[in-house]
Amino acid sequence: MRKPILPVVFLAAFGAAGAAFAEDATGKIMAIDHATMTVTLEDGSVYKFDSKDEYKGALSGLRAGDKVLIVWSDANGTRAGEAISPAGR
């Protein structure tokens with residue numbers, strides 16, 4: 001009797017792809033390091049942004065104490081920032 005293997009193949013393929021989905025975090029900024037393009041929230045989580053001009057502009061208008069929403073994904077154990085914006089108070 002042959003058992004269908006196709007559902008298992010789809011589950012393995014799409015299950016692995018699930019790890020690439022972005023997550024989000026909201027919190028108050030504890031520190032911003034413009035040299036390393038990192039933002040540290042009050043809970044101690046650190047998000048590293050690419051040195052693209054779009055991120056430099058977004059980070060330049062923020063300061064410690066601002067509440068932000070960060071969209072990020074895991075990049076080899078580093079929280080890679082994909083977007084940052086002010087969050088509601």
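No experiment lies behind these values; they were computed from the predicted model shown.
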Minimal non-hydrogen separation, Ser73 against Ala22, with atom names: CB-CA, 4.4 Å
Listed by chain and number, what are the side chain to side chain contact (heavy atoms under 4.5 Å, CB included) partners of Glu23, not counting sequence neighbours? Trp72
Nearest-0.5 Å distance that lies between atom CD1 in Ile29 and atom CG in Asp66: 5.0 Å
Nearest 0.5 angstrom please: His34 NE2 to Leu59 CG, how far? 6.5 Å
Across all chains, not counting sequence neighbours, the side-chain hydrogen bond (donor to acceptor under 3.5 Å, both in side chains) partners of Asp24 are none
How many angstroms lie between atom OG1 of Thr38 and atom CZ of Arg79, to the nearest 0.5 angstrom? 13.0 Å
If you take all heavy atoms of Lys48 and Thr36, which pair is closest and at what distance? NZ-O, 2.6 Å
Side-chain heavy atoms nearer than 4.5 Å, only ILVMFWY residues, links allowed to pass through others: does that put Leu62 and Val46 together? no
Taking Thr26's backbone N and O only, do any of them form a donor-acceptor pair with Lys67's side chain (distance below 3.5 Å, no angle check)? no
Any non-hydrogen side-chain atom of Ile32 less than 4.5 Å from a side-chain atom of Phe49? no
Can you list everything that forms a side chain to side chain contact (heavy atoms under 4.5 Å, CB included) with Asp43? Sequence neighbours excluded, please. Leu41, Ser45
